[in-house]
Number of protein chains: 2
Amino acid sequence: MRLTRDQVLAGALGLLDEVGIDGLSMRRLASVLGVQNGATYWHFPSKQALLEAMAEAMLADLTLGLDERLPWYERISELAQRLRSALLAHRDGARIFSGVFVPLPNALAYGETMIGLLRGAGRSSRDAAWAVDTITYYVVGHTIEEQLAAGLPDGGRDAVARLTDALDPAHHPNMLAALDDIPVPHTEDHFAYGLGVIIAGLRSA
Amino acid sequence: MRLTRDQVLAGALGLLDEVGIDGLSMRRLASVLGVQNGATYWHFPSKQALLEAMAEAMLADLTLGLDERLPWYERISELAQRLRSALLAHRDGARIFSGVFVPLPNALAYGETMIGLLRGAGRSSRDAAWAVDTITYYVVGHTIEEQLAAGLPDGGRDAVARLTDALDPAHHPNMLAALDDIPVPHTEDHFAYGLGVIIAGLRSA
DNA sequence: ACCTGAACACCGTTCAAGT
DNA sequence: ACCTGAACACCGTTCAAGT
């Protein structure tokens, strides 16, 4: 049975979920697919091209079926949450996405919808585009962090312990007061809080 | 002349500025320092430990001498801009910082000051800590992107050309309208816009 | 205490040669 | 058209042995 491009892509996404982005190598992928090292290079010219296809696959259908009865800021919020969910659907999905620098069709659809919503709300094209950047940096940064903690062997418990040890009541009274308020890994409402802040800022403009 | 820990660290920061984070290898660092491969491992137990020391060095004096006469939100803004500047001071500085998961003393000082400012403004410890996360994800995400474009051979011109080619008037009217408004690499006012949105959101709460 | 020399176990990528 | 086999030019890390 010959390999197809789709099989290589599906194998890569499966391997990603198993071993994470740091364990994802072209050699390991070939071994999972039961072929020799060079074989995948017939289907994808480089690892980077494969990573791009993986990111594009993750973003499928991101903008479909948005409820047009919702006010613009709720549709913005919905899209941002969909982006987070799409990236969470695969281990280290946010890092895969953030490592891609070519314009992916599905990422363009996301940007187009977002900018359109803001322009529809009366923003200039400049403000609309810059606001989308603000939202997207937040979503991606938050999700990277969330997945990093989730990918640790102990789910981040050790990281919290190290932070606790590093805090000194004399120098860090405020961080100590907030220590129990920081969920590790991050949660849905931690995400929603920051998104709400950004959208409140946009509405107040 | 024997090597010191500081010489290894300074050599690593210098090499980073020359070749970027993707070109920064322990072997190349040893070669720059005029020693054999294993030599740096006497001063730093691992590459990760060296990256942590590099991040810590970049954040030196971040919170010093904040003008206490400024209102809390302007001090927040000042600190966020200082973080950006500190990361911009070395090539790929934002990616170095974002790859560190241990509590760095200088990063703790940043968090402590930020949370303290927000609690001083009447926020709960939870809201204060979560708001700092929101700001910091934005700063780091923005700066990573800025440095990625700046690190490209042509300063990002080719990336813009590829984006332009990928846009289709029928599907992306809003992105096309905004195309000339997106600075590549990102600029100071592009950064300030998003920071202003977040701070406006925080003040409106 | 600090470094060398050499090895181990990996990488991404290329490409003539096979089928 | 699609893959193998083998190589090239790299990695991070370890560690006995040297000074």
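Here is the naming used below: chain letters follow the sequence lines, and residue numbers restart at 1 for every chain.
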How are the rings of A:His142 and A:His186 set to each other: parallel, tilted or perpendicular (split at 30° and 60°)? tilted
Between the CG atom in B:Leu87 and the CG atom in B:Leu62, the distance rounded to the nearest 0.5 Å is 8.5 Å
Short side-chain donor-acceptor distance under 3.5 Å, A:Gln147 and A:Asp92: no
Expected list for residues 49-58 of chain B near DNA chain D, using heavy atoms below 4.0 Å, is none
Determine the interatomic distance between P on D:dA9 and the same-named atom on C:dA9; round to the nearest Å. 23 Å
Would you be so kind as to tabulate the donor-acceptor pairs closer than 3.5 Å made by side chains of residues 34-43 of chain B, with sequence neighbours excluded?
from, atom 1, to, atom 2, distance (Å)
B:His43, NE2, B:Leu3, O, 3.4

What stems, by residue range, does DNA chain D take part in, given at least 3 consecutive Watson-Crick or G-U pairs under 3.5 Å? C:4-8 with D:12-16, C:12-16 with D:4-8
Output yes when A:Glu188 and A:Arg84 qualify as a salt bridge under the 4.0 Å nitrogen-oxygen rule, no when they do not. yes
Can you list the steps and then say if A:Glu112 with B:Asn174 is a side chain to side chain donor-acceptor pair (under 3.5 Å)? CA-CA 6 Å; A:Glu112 173 65 19; B:Asn174 289 295; 3.0 Å; yes
Please state whether the rings of A:Tyr137 and B:Tyr138 are parallel, tilted or perpendicular, taking 30° and 60° as the class boundaries. tilted
Under a 4.5 Å cut-off applied to non-hydrogen side-chain atoms, are A:Leu9 and A:Thr4 in contact? no
A:His172: which residues meet the side chain to side chain donor-acceptor pair (under 3.5 Å) condition with it, sequence neighbours left out? none
If the threshold is 4.0 Å, N to carboxylate O, is there a salt bridge linking A:Arg95 and A:Asp22? yes
Protein-to-nucleotide contact annotation, 5' to 3' order, nucleotides 3-19 of chain C [B base; S sugar-phosphate only; - none; under 4.0 Å, heavy atom]: SBS-B---BBBB-----
Does some side-chain heavy atom of B:Phe97 sit less than 4.5 Å from a side-chain heavy atom of B:Thr143? no
Counting N and O atoms only, with roles assigned by atom type, does the side chain of B:Asn106 sit under 3.5 Å from a partner on the main chain of B:Glu56, one being a donor and the other an acceptor? yes
The correct set of residues in residues 11-21 of chain A placing a heavy atom under 4.0 Å from DNA chain C is none
